[in-house]
Structures are given as structure tokens and as C-alpha cells.
Amino acid sequence: REAAKMLVAAEHPVILADRAVRTAQGLKLTVALAESLGAPVVDLGSRMNFPNTHELDCSFLRQTLVREADVLLLLELNDPWGNLNTFNDPYKTYGPMTKPGAKVITISMQDVYHKSNYQDFQRYMAADLGIGGDVEASLPDLVEAIKRLTTSERRTAIAERAKAVAKMHYDMKARDKEAAAVGWDASPVSTARIAAEMWNVIKNEPWALPMSDRIPWARRLWPVTEHYQMLGGNGAAGVGGCAPISIGAALANKDKGLLTVSFQPDGDLMYAPGVLW
């Protein structure tokens with residue numbers, strides 16, 4: 001209820017999602033949440049959290065949105081500090097991207113594994129409202145609380161905000177297409193062209209890209225609408241994980257009739273080439 005009050009009252013709410021969604025129902029819930037607020041969604045991609053065809057998807061506008069936000073809702077973010085701050089490595093200087101007074105709400109299970117044997121979170125960052133819990137299990141109550149608190153006046157403001165966010169979405173998509181065309185005929189081939197050519201091969205198949213963090217172009221250019229289509233990465237900036245994870249996903253997807261594709265970095269394959277056997 002407290003989170004709903006903050007979000008409904010916000011002028012520039014922003015939703016960041018990282019490891020929030022595991023099922024088709026979870027995907028519907030993130031869409032319902034975003035639409036209830038007319039808020040932009042930044043899908044950080046450790047799972048497929050939000051359809052990139054939706055008008056509220058602004059996944060590649062994170063820095064701009066974070067700087068403008070007055071309330072930020074973080075859904076199972078692996079690295080809250082890193083996503084809300086800047087760090088200049090050569091000079092070891094850092095500072096917040098958020099504007100003064102911006103409020104941070106988290107829904108996460110991260111607090112329970114701070115002492116775990118394997119970790120890939122970064123610096124600790126305090127939240128104004130920290131909710132310990134599973135995102136999918138929590139979202140129905142949050143969406144319902146938002147709807148109860150939304151007056152007709154706020155509903156009008158939310159509709160206007162959604163229109164502005166939709167324009168940001170379509171402008172972002174147009175820029176992505178223009179950027180992908182740069183160096184189209186270059187040699188060696190650009191990663192943008194690799195992604196575009198791959199899409200032409202698989203677009204009529206039920207497909208899955210398990211390691212969707214290797215190059216950004218698939219997430220930028222392909223229509224991603226199903227929760228199983230992009231599974232993120234191996235976490236902790238780990239190397240050597242692409243081939244084992246891709247093959248494991250392919251074996252699991254085989255019985256489901258899904259075609260599994262992967263973009264395999266060269267050096268990364270040297271860690272575990274035995275998986276090809």
C-alpha cells in the first residue's frame with residue numbers, strides 16, 4: 001500500500017526490472033503494472049521481463065529516465081547501486097544519477113543471499129522502501145493497490161504520461177534501426193547485421209535466445225514478446241558460460257518444440273568446448 005501511494009503520486013515514475021519474471025503470467029503482471037501507472041519500463045535483461053514491442057518499453061533509455069525520475073521501482077535488480085550511479089574508472093570518481101529527493105522502492109529477495117557462497121551483487125544501496133519478497137507473487141497486490149488509489153484526476157495524468165512514453169519508445173526504436181544500419185557492409189561483419197540476418201532465418205519459427213546478453217542487437221531489433229525467448233546471461237560477468245547454458249537450454253527446449261539459437265563469443269568457447277560433444 002505504501003509503494004502504491006508513492007507510485008500513484010509520482011510525476012515521473014520509472015520501473016526497472018532485472019530478474020523479475022519467470023512465467024507467462026509474470027510477464028502479464030509487469031505489463032499490468034506499467035499500464036496502471038503509464039510508466040516507462042527499463043528491462044535490464046537478466047530475464048525477459050517486459051515485451052519490447054510494448055509502447056511503455058524504454059529499455060535502452062535507462063540513464064535518461066533515471067535522471068528524470070522522482071520515484072523508481074526496482075524489481076529484483078541484481079545491482080541497484082550500479083544502475084542508479086555513475087562510476088568513472090580511471091579517476092575513481094562516482095556519484096548518483098538520480099536527482100535529489102528521488103525515492104527508491106525495491107521488491108527483491110536479494111537481502112536473503114547477501115551471505116551466500118556465490119554472489120554477483122555489487123555495492124549496497126539503501127532504499128526508501130524495501131519490500132522483501134518474490135516479484136511475481138507481490139505484483140498482483142501492488143497493481144490492485146495502485147488501481148484503488150488512482151483517482152479520475154490521476155487517471156487523466158497517467159494517460160497523458162503514457163502518450164509521452166510511447167513517443168519515447170518509438171523514437172528509441174527508430175534510432176536503433178538507424179544505428180544498426182551503420183557499417184552494414186563492413187568486413188568483418190557487424191554484430192548488428194549478424195542479429196538482423198539471424199532474425200530473417202528464425203522469424204517464422206518458435207525460437208529462444210538463451211544467452212541474450214552477448215550482443216545487444218537481438219534485444220534491440222527482434223520483437224520479443226514471450227517470457228522464454230530471452231533468458232539473460234550467466235551473471236557475475238562470468239566467462240565460459242555461453243555454450244554450456246545455450247546447450248542446456250536447447251536440450252530443455254527440444255521437447256517444447258522451440259528452436260534455440262545462440263551468439264557465441266570466440267574466447268568464451270575456449271573455457272568449455274567439451275559441451276559440444
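Counting from 1, the numbers follow the sequence of the chain as shown. The basis for the numbers below is simple: all heavy atoms, side chains too, and nothing from hydrogens, waters or symmetry mates.
The local environment of CZ in F60 is crowded, with over 12 non-hydrogen atoms from other residues, nucleotides or ligands closer than 6.0 Å. For NE2 of H54, the number of neighbouring non-hydrogen atoms (other residues, nucleotides, ligands) closer than 6.0 Å is greater than 12.
Between I105 and V71, some side-chain heavy-atom pair lies under the 4.5 Å cut-off. Here the side chains of N83 and V66 are not in contact, with every heavy-atom distance at 4.5 Å or above. W222 places a side-chain heavy atom less than 4.5 Å from the side chain of I202. Taking 4.5 Å as the limit, every side-chain heavy atom of L129 sits out of range of all side-chain heavy atoms of K103. Considering only heavy atoms from C-beta on, L77 stays 4.5 Å or farther from T106 through its side chain. N52 is listed as a side-chain neighbour of K173, based on a closest heavy-atom distance under 4.5 Å. Residues V14 and L73 have side chains not in contact (no heavy-atom distance under 4.5 Å, counting atoms from C-beta outward). Two residues are said to be in side-chain contact when any heavy atoms from C-beta on lie closer than 4.5 Å; W207 and Q229 meet this criterion.
The stretch residues 207-222 participates, sequence neighbours left out, in these salt bridge (Lys or Arg N to Asp or Glu O under 4.0 Å) pairs: D176-R220, R214-D268.
To the nearest 0.5 angstrom, M97 atom CE is 13.5 Å from F87 atom CZ. Note that the CD1 atom of I247 and the OG1 atom of T260 stand 10.5 Å from one another [nearest 0.5 Å]. Remark: Y228 OH to N253 CG distance equals 9.0 Å, nearest 0.5 Å. Interatomic distance, CD1 of I146 versus CG of L7, reported as 5.0 Å (0.5 Å rounding). Expressed to the nearest 0.5 Å, how far CD of E136 lies from CZ of R22 amounts to 4.5 Å. Once rounded to the nearest 0.5 Å, the distance linking CD of E144 with CZ of R1 reads 12.5 Å.
Considering every non-hydrogen atom in both P223 and T53, the closest pair reads CB-CG2, 3.8 Å. Contact between G38 and V165 at its shortest, heavy atoms only, is O-CG2, 3.8 Å. Contact detail for R19 and N49: the closest heavy-atom pair is C-OD1, 4.0 Å. Closest of all the heavy-atom pairs between L231 and P210 is CB-O, 3.2 Å. Nearest heavy-atom pair, L56 versus F50, reported as atom, atom and distance to 0.1 Å: C-CE2, 4.0 Å. Considering all non-hydrogen atoms of both residues, P51 and T225 come closest at CB-CA, 4.2 Å.
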Handout entry: Derivation and outcome, side chain to side chain contact (heavy atoms under 4.5 Å, CB included), residues V104 and M125
Key = CA-CA 10 Å; V104 175; M125 192 195 75; 3.9 Å; yes
Exercise for the section: Test side chain to side chain contact (heavy atoms under 4.5 Å, CB included) on W199 and V201 and set out the steps. Expected result: CA-CA 5 Å; W199 175 247; V201 174; over 6 Å; no
Exercise for the section: Could you please spell out the steps behind the side chain to side chain contact (heavy atoms under 4.5 Å, CB included) verdict for Q110 and E76? Expected result: CA-CA 7 Å; Q110 191 181 70; E76 201 62 71; 4.3 Å; yes
Handout entry: V42/I15 under side chain to side chain contact (heavy atoms under 4.5 Å, CB included): CA gap, chis, key distance, verdict
Key = CA-CA 6 Å; V42 175; I15 301 167; over 6 Å; no
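Although no hydrogens or angles enter the test, the distance criterion places a donor-acceptor pair under 3.5 Å between the side chain of S212 and the main chain of G232. R67 contributes no side-chain N or O that, together with a main-chain N or O of K99, makes up a donor-acceptor pair within less than 3.5 Å. Although no hydrogens or angles enter the test, the distance criterion places a donor-acceptor pair under 3.5 Å between the side chain of T156 and the main chain of S152. With hydrogens and angles ignored, the 3.5 Å screen pairs no side-chain donor or acceptor of E160 with any backbone N or O of A157.
For Q25 and H227, the side-chain atoms include no donor-acceptor pair closer than 3.5 Å. Residues D18 and S46 bring a donor and an acceptor atom of their side chains to less than 3.5 Å of each other.
At a threshold of 4.0 Å, the pair R175-E178 does not count as salt-bridged, since none of the basic side-chain nitrogens sits closer than that to a carboxylate oxygen. Under a 4.0 Å N-O distance rule, the pair D185/R193 qualifies as a salt bridge.
With ring centers used as reference points, Y94 lies under 6.0 Å from W81.
Cluster annotation: V224 is connected to M198 through the hydrophobic network of ILVMFWY side chains, with a link wherever side-chain heavy atoms come within less than 4.5 Å. Transitive grouping of hydrophobic side chains (ILVMFWY, heavy atoms separated by less than 4.5 Å) keeps I158 and L65 in distinct clusters. When the side chains of ILVMFWY residues are joined at heavy-atom separations under 4.5 Å, either directly or via intervening members, L139 and V41 end up in a single hydrophobic cluster. Cluster annotation: I107 is not connected to L27 through the hydrophobic network of ILVMFWY side chains, with a link wherever side-chain heavy atoms come within less than 4.5 Å. Placement of L251 and L276 within a single hydrophobic cluster is found when ILVMFWY residues are connected by side-chain heavy-atom separations under 4.5 Å, directly or transitively.
Among residues two or more places apart in sequence or in another chain, the ring pair (Phe, Tyr, Trp, His ring centres under 6.0 Å) test is passed with W217 by none. By the side-chain contact (heavy atoms from CB on, under 4.5 Å) test, T151 pairs with E153, R154, sequence neighbours left out.
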